[in-house]
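Structure incoming, see below.
For clarity, every value in this text was computed on a predicted model and none was experimentally measured. Positions are given from 1 along the sequence.
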Amino acid sequence: GLGDVYKRQRQGTAAVVAEALLNLAVVGARPLAVVNCLNFGNPEHEQVMWQLSEAIDGMSEACLAFDVPVVGGNVSLYNEAQGSNIDPSPVVGMLGVIDRLDAVPPGLAWRDGDRLLLIGRDEARELSGSAWAFAQGHRRGSLPPLDLAAVGAMAEAVRGLVADGLLHAAHDISAGGLGACVAEMAVAAGIGARLARIADHIDLFSEAVGRVVVAVGADELVDVEGRLATAGIAHARIGLATGDRLVVKDLFDLALDELAFTSERRLPDALGHGTSQD
């Protein structure tokens, strides 16, 4: 409906800012400032001018919620292809700082035996706006709900866990959803995982904003869960890092070597298919 269209423009841009915040949080950085590049079609068309206005409002709402100023940016307008306006494409860059860099921040690679936690609310079952839905040709529907206050609180909690050295790995859920997130972590570590609490493809591919997967050692698990509970941050145990396969109970069982090959060969294969040899 029209209401969903209004929400998509504004909420989609706010979600871009929220993802940038979480990209900083997982390495223990607090946000300082935002810059942007707003790429849109022909603003002489009423719809495009409205898209631009709504995107700016969404960015403003998120920046106010996270207390981060916009210090610069630019616009790229009149972007059309064969007479059609491009989709609204706001780009956000967020600068952060780590106040005390006493150790290397956690990356994507978990350790054998780590307990895996999903931090953030995961009850939103919505595929609209996801890479999976886009690949199916879906361009409508309602975006997953976005609670900016909850995202800000979760980011602060994750930053604290990183700063205190309680996480072995951390990765925010974004393009590709939870499925892509855990696959990337498994490939980075060279260690598989056994996952539960994932019911179906919606749980795997939803890109609801404001969620992070973290890997925690068995000795730190109770401390981490206690801190999250005290801060009122939703969290759940979703699995164990172990073995050489990525297994989601009742859904799939994939060899880690297969995942790594697919990840590493995608760009070379694409380039190879796009070139010719004499």
Does Leu21 belong to the same Ile/Leu/Val/Met/Phe/Trp/Tyr cluster as Leu24, with side-chain heavy atoms less than 4.5 Å apart forming each link?
-> yes
Under the side chain to side chain contact (heavy atoms under 4.5 Å, CB included) criterion, do Leu259 and Thr262 qualify, and how do the steps go?
-> CA-CA 5 Å; Leu259 287 173; Thr262 301; 5.9 Å; no
Considering all heavy atoms of both residues, which atom of Ala18 and which atom of Phe66 are nearest to each other, and what is their separation?
-> CA-CE1, 3.8 Å
Is the backbone of Met49 close enough, under 3.5 Å, to the side chain of Ser53 for a donor and an acceptor to pair up by distance?
-> no
Qualifying residue, where the test is side-chain contact (heavy atoms from CB on, under 4.5 Å) with Leu77 and the options are Asn85, Leu52, Val48, Asn42 = Leu52
Worked check of side chain to side chain contact (heavy atoms under 4.5 Å, CB included) between Asn36 and Val70 | CA-CA 8 Å; Asn36 63 71; Val70 176; 3.5 Å; yes
Would a 4.5 Å heavy-atom cut-off, applied to side chains only, mark Leu118 and His235 as touching?
-> no
Any side-chain heavy-atom pair of Met94 and Val35 under 4.5 Å =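 Met94 does not reach Val35 side chain to side chain.
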Could you give the distance from OG1 (Thr13) to CG (Asp57), rounded to the nearest 0.5 Å?
->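 So the gap between those two atoms works out to 9.5 Å.
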Step-by-step side chain to side chain contact (heavy atoms under 4.5 Å, CB included) determination, Leu228 to Ile119 = CA-CA 9 Å; Leu228 292 171; Ile119 303 178; 3.9 Å; yes
Got more than 12 heavy atoms from elsewhere within 6.0 Å of CG, Asp67?
-> no
Indicate yes or no: at least one non-hydrogen side-chain atom of Leu166 is less than 4.5 angstrom from one of Asp223.
-> yes
Should Leu108 and Leu240 be counted in the same cluster of Ile, Leu, Val, Met, Phe, Trp and Tyr side chains packed under 4.5 Å apart?
-> no
In Å and rounded to the nearest 0.5 Å, what is the OG to CD distance from Ser174 to Glu207?
-> 7.0 Å
Charged N-O contact under 4.0 Å between Arg121 and Asp147 | no
How long is the gap from CD1 on Ile173 to CG on Leu22, to the nearest 0.5 Å?
-> 10.0 Å
Treat each ILVMFWY residue as a node, draw an edge where side-chain heavy atoms are under 4.5 Å apart, and state whether Val212 and Met185 are in one component.
-> no
Is the side chain of Thr230 donor-acceptor paired with the backbone N or O of Gly226 at a distance under 3.5 Å, no angle test?
-> yes
Find the distance between CG (Asp99) and CZ (Arg159) and round it off to the nearest 0.5 Å.
->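 Atom-to-atom, Asp99:CG and Arg159:CZ are 10.0 Å apart.
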Distance-minimising heavy-atom pair for Val216 and His168 |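 Closest approach of Val216 to His168, heavy atoms only: C-ND1, 4.4 Å.
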Under 4.0 Å between a Lys/Arg side-chain N and an Asp/Glu carboxylate O for Asp172 and Arg211?
-> no
Does atom CZ of Phe134 have more than 12 heavy-atom neighbours, drawn from other residues, nucleotides or ligands, at distances under 6.0 Å?
->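 It does not: Phe134 CZ has 12 such atoms or fewer within range.
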Could you pull out the closest heavy-atom pair between Val27 and Pro105, with the gap in Å?
->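 Reported closest heavy-atom pair: O-CB, 3.5 Å.
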Same cluster (ILVMFWY, side-chain, under 4.5 Å), Val34 and Val97 |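 No, no single cluster joins them.
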Asp203/Arg197 salt bridge by N-O under 4.0 Å criterion |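 A salt bridge is absent here (no side-chain N lies under 4.0 Å from a carboxylate O).
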From Arg30 CZ over to Leu95 CG, what is the distance, rounded to the nearest 0.5 angstrom?
-> 10.0 Å
Cationic N near anionic O, under 4.0 Å, Glu225 to Arg237 |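 Yes.
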Heavy-atom check, side chain of Asp244 versus side chain of Asp257, under 4.5 Å |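 SC-SC contact between Asp244 and Asp257 ruled out.
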For the side chain of Ser89 and the backbone of Asp87, is there at least one donor-acceptor N/O pair under 3.5 Å apart?
-> yes
Show the numbers, then the answer: is there a side chain to side chain contact (heavy atoms under 4.5 Å, CB included) between Leu221 and Val224?
-> CA-CA 5 Å; Leu221 182 61; Val224 169; 5.5 Å; no
Which heavy atom in Ala15 sits nearest to a heavy atom in Val209, and how many Å separate them?
->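 So the two residues come closest at CB-CG2, 3.6 Å.
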Close side-chain approach of Thr242 and Asp114, heavy atoms under 4.5 Å |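 No - every pair of side-chain heavy atoms lies 4.5 Å or more apart.
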Taking atom SG of Cys63 and atom CD1 of Ile56, what is their separation to the nearest 0.5 Å?
->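 So the SG of Cys63 and the CD1 of Ile56 are separated by 11.5 Å.
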Leu161 backbone acceptor or donor facing Asp164 side chain under 3.5 Å | no
Given side chains that start at C-beta, do those of Leu64 and Leu148 come closer than 4.5 Å, heavy atoms only?
-> no
Gln136 atom CD: more than 12 heavy-atom contacts under 6.0 Å | yes
State whether the number of non-hydrogen atoms from other residues, nucleotides or ligands found under 6.0 Å of Arg194 atom CZ is greater than 12.
->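 No - once you tally the heavy atoms of other residues, nucleotides and ligands closer than 6.0 Å, there are 12 at most.
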Side chains of Val213 and Leu178 in contact at under 4.5 Å (non-hydrogen atoms) |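 When only atoms from C-beta onward are counted, Leu178 and Val213 do touch, with a gap below 4.5 Å.
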Between the side chains of Glu184 and His171, is a donor N or O closer than 3.5 angstrom to an acceptor N or O?
-> yes
Are Leu146 and Phe205 co-members of a hydrophobic cluster defined by side-chain heavy atoms under 4.5 Å apart?
-> no
Heavy-atom pair with the smallest gap, counting every atom of Val162 and Ala25 | CG2-O, 3.8 Å
Is a side-chain donor-acceptor pair under 3.5 Å present for Gln82 with Ser84?
-> no
Between Leu143 and Gly12, which heavy-atom pair has the shortest distance, and what is it?
->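 Here Leu143 and Gly12 meet closest at CD1-N, 3.8 Å.
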Backbone N/O of Ile191 and side chain of Trp110: donor-acceptor pair under 3.5 Å |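 Pair found, side chain donor or acceptor close to backbone of Ile191.
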Would you confirm whether Asn79, through its side chain, and Phe40, through its main-chain N or O, come within 3.5 Å as a donor-acceptor pair?
->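 Present.
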Would you call Trp132 and His138 a side-chain contact if the rule is heavy atoms closer than 4.5 Å?
->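 The answer is no, as the side chains (C-beta and beyond) never meet within the 4.5 Å cut-off.
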